[in-house]
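Notes follow the structure.
To find a chain, count down the sequence lines: A is the first, B the second, and so on, and within it residues start at 1.
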Protein chains: 2
Amino acid sequence: MSATVVIDDRSGLDISLIDRSVLFQIRRSQTLLGRRFQSRFSDFGITPGEYGVLLLIASNPGRKQTQIADALGMQRANFVPLINSLEARHLMERRASAQDKRSNALYLTAAGDAFVKEICAAEATFEAECTARLGGAKAREAFMLLLARLSV
Amino acid sequence: MSATVVIDDRSGLDISLIDRSVLFQIRRSQTLLGRRFQSRFSDFGITPGEYGVLLLIASNPGRKQTQIADALGMQRANFVPLINSLEARHLMERRASAQDKRSNALYLTAAGDAFVKEICAAEATFEAECTARLGGAKAREAFMLLLARLSV
DNA sequence: TATTGTTATACTCTATAACTATA
DNA sequence: TATAGTTATAGAGTATAACAATA
């Protein structure tokens with residue numbers, strides 16, 4: 001049984017140990033994908049985190065902050081400044097809940113709705129590129145399944 | 001052609017839009033894996049980033065800072081405080097290079113070497129758990145290949 | 001008592017610009 | 001002039017603790 005050595009193309013270094021680690025490979029992919037997203041979506045002036053919030057509110061209007069934050073795996077404390085920024089840009093709004101005076105119901109504004117549609121079209125292109133890199137629709141499906149298994 | 005709706009188990013929210021996105025699924029997996037790593041390796045008092053540096057120095061002793069940082073996809077500016085901390089803990093050390101007085105050659109200390117061996121054993125367990133979640137060695141291999149394709 | 005939103009705080013990771021000393 | 005290391009700084013992302021208003 002021979003240990004295969006993995007050499008990094010650019011640096012010429014032995015990266016076997018981190019190359020074989022699921023943890024480090026996901027870190028690397030996430031970093032690269034994040035960079036690609038940022039450079040592609042810099043015109044929209046939005047971060048992946050903010051985009052996720054808008055998408056989730058678009059699909060689930062009227063939910064309270066804790067629910068949206070929860071579904072994104074975020075702390076509710078970190079959710080506050082994020083939607084403060086989105087609300088200041090008039091992309092979404094808090095409305096006082098009638099049933100529970102503690103909570104805010106979240107909605108997109110008309111501008112937010114248009115914004116989401118616009119950026120969704122751009123993201124479809126981004127995702128199509130990911131599919132191409134992965135090797136087609138079947139490969140993508142397999143990849144998403146494996147990712148989901150890892151996230152249990 | 002029917003659009004399938006994906007409902008989050010815990011929150012009951014429609015997460016179709018982010019669930020189908022490679023970007024968001026990788027973000028989620030990376031976050032969850034990072035949390036798992038932190039809780040598992042809190043005894044070692046080390047972050048994934050620091051661990052990666054130690055692993056790379058272990059496999060490539062004597063290389064200069066820029067090379068190690070490069071192989072990890074890090075900026076050399078961010079690399080400095082990271083190894084300052086590792087050096088303060090006597091896990092690694094900078095040695096002045098004879099050939100090039102500008103650069104430092106990086107080496108693990110004896111303590112750092114023992115530390116890496118110890119944490120490598122723990123990470124092997126961690127990776128084995130990842131393999132089990134993914135569905136076995138073949139599934140893991142397929143997953144790593146797809147991740148690599150995405151990181152081109 | 002528990003929950004919702006909020007503030008404050010800290011740490012990790014990343015990015016950019018500018019400086020110094022060497023090459 | 002280019003490179004290696006460094007400093008300073010800023011922005012995301014995440015984590016915890018504590019508080020006021022409400023349930």
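Legend: ring-ring contact (aromatic ring centres under 6.0 Å, His included) pairs involving residues 128-152 of chain A, not counting sequence neighbours, sorted by first then second residue: Phe143(A)-Phe143(B). Screening residues 53-82 of chain B for ring-ring contact (aromatic ring centres under 6.0 Å, His included), with sequence neighbours left out, gives no hits. Contacts classified as ring-ring contact (aromatic ring centres under 6.0 Å, His included) and involving residues 7-30 of chain A (residues at least two apart or in different chains) are given here: Phe24(A)-Tyr51(B). Listed by first and then second residue, the side-chain hydrogen bond (donor to acceptor under 3.5 Å, both in side chains) pairs that reach into residues 30-41 of chain A are Arg40(A)-Glu129(A), sequence neighbours excluded. Residue pairs meeting the salt bridge (Lys or Arg N to Asp or Glu O under 4.0 Å) criterion with at least one member in residues 137-152 of chain B, sequence neighbours excluded: Glu127(B)-Arg140(B).
For DNA chain C, the neighbouring residues in residues 45-64 of chain B, judged by any heavy atom under 4.0 Å, are Thr47(B), Pro48(B), Gly49(B). Within residues 9-17 of chain B, no residue approaches DNA chain D, by heavy-atom distance under 4.0 Å.
In this structure, Leu145(A) stands alone, with no Ile, Leu, Val, Met, Phe, Trp or Tyr side-chain heavy atom under 4.5 Å from its own, directly or through other members.
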Return all side-chain donor-acceptor pairs below 3.5 angstrom for residues 64-74 of chain B, not counting sequence neighbours, or 'none' if the list is empty.
residue	atom	partner	partner atom	Å
Gln65(B)	OE1	Arg94(B)	NE	3.0
Gln65(B)	OE1	Asn104(B)	ND2	3.0
Gln67(B)	OE1	Lys64(B)	N	3.3

With the sugar-phosphate defined as primed atoms, P, OP1 and OP2, and the base as all remaining atoms, what B/S/- string results for nucleotides 15-23 of chain D, 5' to 3', for protein heavy atoms under 4.0 Å?
BBB---BBS
What does the 5'-to-3' dot-bracket notation of DNA chain C look like when only Watson-Crick and G-U wobble pairs under 3.5 Å count, and pairs to other strands show as |?
|||||||||||||||||||||||
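Annotation: side chain to side chain contact (heavy atoms under 4.5 Å, CB included) contacts of Asp113(B) (sequence neighbours excluded): Leu108(B), Lys117(B).
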